[in-house]
Amino acid sequence: MPDALPAHLADRLARRESNYLLFGLTPPRHSVTAEEAQGIADVTLERLAGLDLDGLLIYDIVDESERTDASRPFPYLPTLDPAEYLAHHLGAWDKSVIVYRCVGKYTQPQLETWLHDQDPQRVSTVFVGAASREMPVETTLAQAQALRSRSRPAVLLGGVAIPERHAAGAEEHVRLLAKVDRGCSFFITQVVYDAQAARNLVSDYYYACRDRGLEPAPVIFTLSVCGSLKTLEFLRWLGVDVPRWMENALRHSDDTLEASSAHCLATAKDLAEFCRSLEMPFGFSVESVSIRRAEIEAAVVLAGRLRAEVL
């Protein structure tokens, strides 16, 4: 008999399976032509062709300047809508996709229409709320979650997990439990450079689930290579906690990109071992926050090593 077809990512996430490998993409700038956007998509898919990925993440980008008083290291440039980028330029990708939705940008009818247009076997989503309370929004995170539960529950919903926020207040696991109550079936973290903060969050979440008789939802840890001090500065601006020792190592390394990649791989091995010891479902997503070719290619190499050495 022929081998059974592999399960879709959404099915695996819903069953609380483990060992996911995803790759995160930011859509091209809004100013590019349709032909340029297609060229970028083609090059991207060619880069990823050799990887054994379970799916893609496509980010939704907003201006987060109101989140912090610090100056943004790179200028904010509007990007194509991730749903439009997927629909019009990533048709050659035949695996699963998780599309981020910064829900404050969209009206409830817009979100509802998009949800109903999706194939739930192929497309899942992560809803992201406003970066600050001061930002005006069309739809709140709670409203978007309720809308999806009411009108299109077949589309699997994920949420954001922030280890740094847990380190500051030790309550992020409570937020995860609340998000599960509102329909979330998996979580994707902010970029992880501090493995200890991520372990603390996972541990508190896992034992809180056990105390309530719940099966924990998978947590997918995001890893990002850092090839320059400018990228490091940007990671910090995004809210990523880069430990002092790691910053020193990157600043004084002869090859910042190699040092960063080695740290990401070590972090992945650490977190994988910890999650397996708990029987906690987990996975990894790799991205490059930089558009520099060297950093993008290093991210691709890292993803390949994760599949070969960790997952």
message: Quick check: do E138 and K105 have side-chain heavy atoms less than 4.5 Å from each other?
response: no
query: Are V202 and I220 in one and the same hydrophobic cluster, where Ile, Leu, Val, Met, Phe, Trp and Tyr link if side-chain heavy atoms are under 4.5 Å apart?
result: no
field: Summary of salt bridge (charged side-chain N to carboxylate O under 4.0 Å, His left out) pairs that have at least one residue in residues 193-218, sequence neighbours excluded
entry: R199-D270
message: Just by distance, no angles: are the side chains of E287 and Y59 close enough, under 3.5 Å, to form a donor-acceptor pair?
response: yes
- line: All heavy atoms of R122 vs all of W93, minimum pair found to be NH2-O, 2.7 Å
- request: Considering non-hydrogen atoms only, spot the tightest contact between V99 and A83 and give its length.
  value: CG1-N, 4.2 Å
- request: Report yes or no: does K95 contribute a side-chain atom to a donor-acceptor pair with the main-chain N or O of L53 at less than 3.5 Å?
  value: yes
message: Do Y207 and Y205 land in one hydrophobic cluster if side-chain heavy atoms of ILVMFWY residues count as linked below 4.5 Å?
response: yes
message: Quick one, V300 with F23, criterion side chain to side chain contact (heavy atoms under 4.5 Å, CB included). Give me CA distance, side-chain angles, the key distance, then yes/no.
response: CA-CA 8 Å; V300 173; F23 200 92; 4.0 Å; yes
- request: For the residue pair L302 and L265, establish whether any side-chain heavy-atom pair is separated by less than 4.5 Å.
  value: yes
query: With a 4.5 Å heavy-atom cut-off, do V192 and L271 have their side chains touching?
result: yes
Tabulate below the donor-acceptor pairs under 3.5 Å that side-chain atoms of residues 183-190 make, not counting sequence neighbours, or state none.
{"from": "T189", "atom 1": "OG1", "to": "T222", "atom 2": "N", "distance (Å)": "3.0"}
{"from": "Q190", "atom 1": "NE2", "to": "E164", "atom 2": "OE1", "distance (Å)": "3.2"}
{"from": "Q190", "atom 1": "NE2", "to": "G239", "atom 2": "O", "distance (Å)": "3.1"}

message: Hydrophobic cluster membership, with links at side-chain heavy-atom distances under 4.5 Å among I/L/V/M/F/W/Y: are F221 and V126 in one?
response: no
field: Within 6.0 Å of CD in E309, more than 12 heavy atoms from elsewhere
entry: yes
field: Nearest heavy atoms of A303 and L21, plus distance in Å
entry: O-CD2, 3.5 Å
- prompt: Do L141 and V128 touch side chain to side chain, with heavy atoms closer than 4.5 Å?
  reply: no
message: Around atom NE2 of H30, are there more than 12 heavy atoms from other residues, nucleotides or ligands closer than 6.0 Å?
response: no
message: Can you classify the ring geometry of F284 versus F282 as parallel (below 30°), tilted (30 to 60°) or perpendicular (above 60°)?
response: perpendicular
field: From H263 atom NE2 to L223 atom CG, the distance as rounded to the nearest 0.5 Å
entry: 8.5 Å
- prompt: Do R175 and E172 meet the salt-bridge criterion of a basic N to acidic O distance under 4.0 Å?
  reply: yes
statement: On a heavy-atom basis, the closest approach of P82 and P27 is CA-CG, 4.0 Å
- prompt: How about T125 and L156: do any of their side-chain heavy atoms sit closer than 4.5 Å?
  reply: no
statement: The reported gap from CD in Q143 to OG1 in T139 (rounded to nearest 0.5 angstrom) is 6.0 Å
task: Could you state whether V137 and Y100 fall into the same hydrophobic cluster, counting links through intermediate Ile, Leu, Val, Met, Phe, Trp or Tyr residues with side-chain heavy atoms under 4.5 angstrom apart?
output: no
- request: Calculate, to the nearest 0.5 Å, the distance between atoms CD and OG belonging to Q196 and S203 respectively.
  value: 11.5 Å
Y193 and S224 side chains, donor-acceptor separation under 3.5 Å: no
- prompt: Run the side chain to side chain contact (heavy atoms under 4.5 Å, CB included) check on L25 and L57 step by step: do they pass?
  reply: CA-CA 6 Å; L25 305 178; L57 301 181; over 6 Å; no
- request: Look up atom OG in S285 and atom CG in L22, then write down how far apart they are to the nearest 0.5 Å.
  value: 5.0 Å
- prompt: Considering residues, nucleotides and ligands other than R47, do more than 12 of their heavy atoms fall under 6.0 Å from its CZ?
  reply: yes
N/O donor-acceptor pair under 3.5 Å between Q118 side chain and W114 backbone: yes
- request: Following the transitive rule for hydrophobic clusters with a side-chain heavy-atom cut-off under 4.5 Å over Ile, Leu, Val, Met, Phe, Trp and Tyr, establish whether V160 and V219 coincide in one cluster.
  value: no
- prompt: Near E36 CD, under 6.0 Å, is it more than 12 heavy atoms from other residues, nucleotides or ligands?
  reply: yes
field: Donor-acceptor side-chain pairing of R12 and N19 below 3.5 angstrom
entry: no
query: Looking at side-chain heavy atoms only, is the closest gap between I40 and D42 below 4.5 Å?
result: no
query: Can you check whether Q145's main-chain N or O pairs, donor with acceptor, with R182's side chain at less than 3.5 Å?
result: no
message: Between E273 and R276, does the salt bridge (charged side-chain N to carboxylate O under 4.0 Å, His left out) criterion hold? Intermediate values first, please.
response: CA-CA 5 Å; E273 180 180 5; R276 286 176 178 137; over 6 Å; no
- request: Sequence neighbours left out, what passes ring pair (Phe, Tyr, Trp, His ring centres under 6.0 Å) with F127? Give chain and number order.
  value: none
query: How far apart are the closest heavy atoms of V155 and S124, and which atoms are they?
result: CG1-CA, 4.3 Å
- request: Show your reasoning for whether side chain to side chain contact (heavy atoms under 4.5 Å, CB included) applies to L48 and L56.
  value: CA-CA 10 Å; L48 302 180; L56 294 180; 3.6 Å; yes
- line: Smallest heavy-atom separation, A299 atom then V286 atom, equals O-CG1, 3.3 Å
- request: Evaluate the side-chain proximity of T79 to T26: yes if any heavy-atom separation is below 4.5 Å, no if none is.
  value: yes
query: Quick one: OG on S260 to CD on E295, what's the gap to the nearest 0.5 Å?
result: 8.0 Å
message: For the CG atom on L214, are there more than 12 heavy atoms of other groups (residues, nucleotides or ligands in this structure) within a distance under 6.0 Å?
response: yes
- prompt: Do P216 and P281 have side-chain heavy atoms sitting under 4.5 Å apart?
  reply: yes
task: Before accepting this row, confirm whether a basic side-chain N of the pair E297/R293 lies closer than 4.0 Å to the acidic partner's carboxylate O.
output: yes
query: Does the salt bridge (charged side-chain N to carboxylate O under 4.0 Å, His left out) test come out yes or no for D117 and R152, once each step is laid out?
result: CA-CA 10 Å; D117 286 345; R152 192 68 161 121; over 6 Å; no
- prompt: Do side-chain atoms of D54 reach the backbone of L9 as a donor and acceptor pair under 3.5 angstrom?
  reply: no
- prompt: Any luck finding a side-chain donor-acceptor pair between Y106 and R101 under 3.5 Å?
  reply: yes
- prompt: Atom CD1 in I296, atom CZ in R292: separation rounded to 0.5 Å?
  reply: 10.0 Å
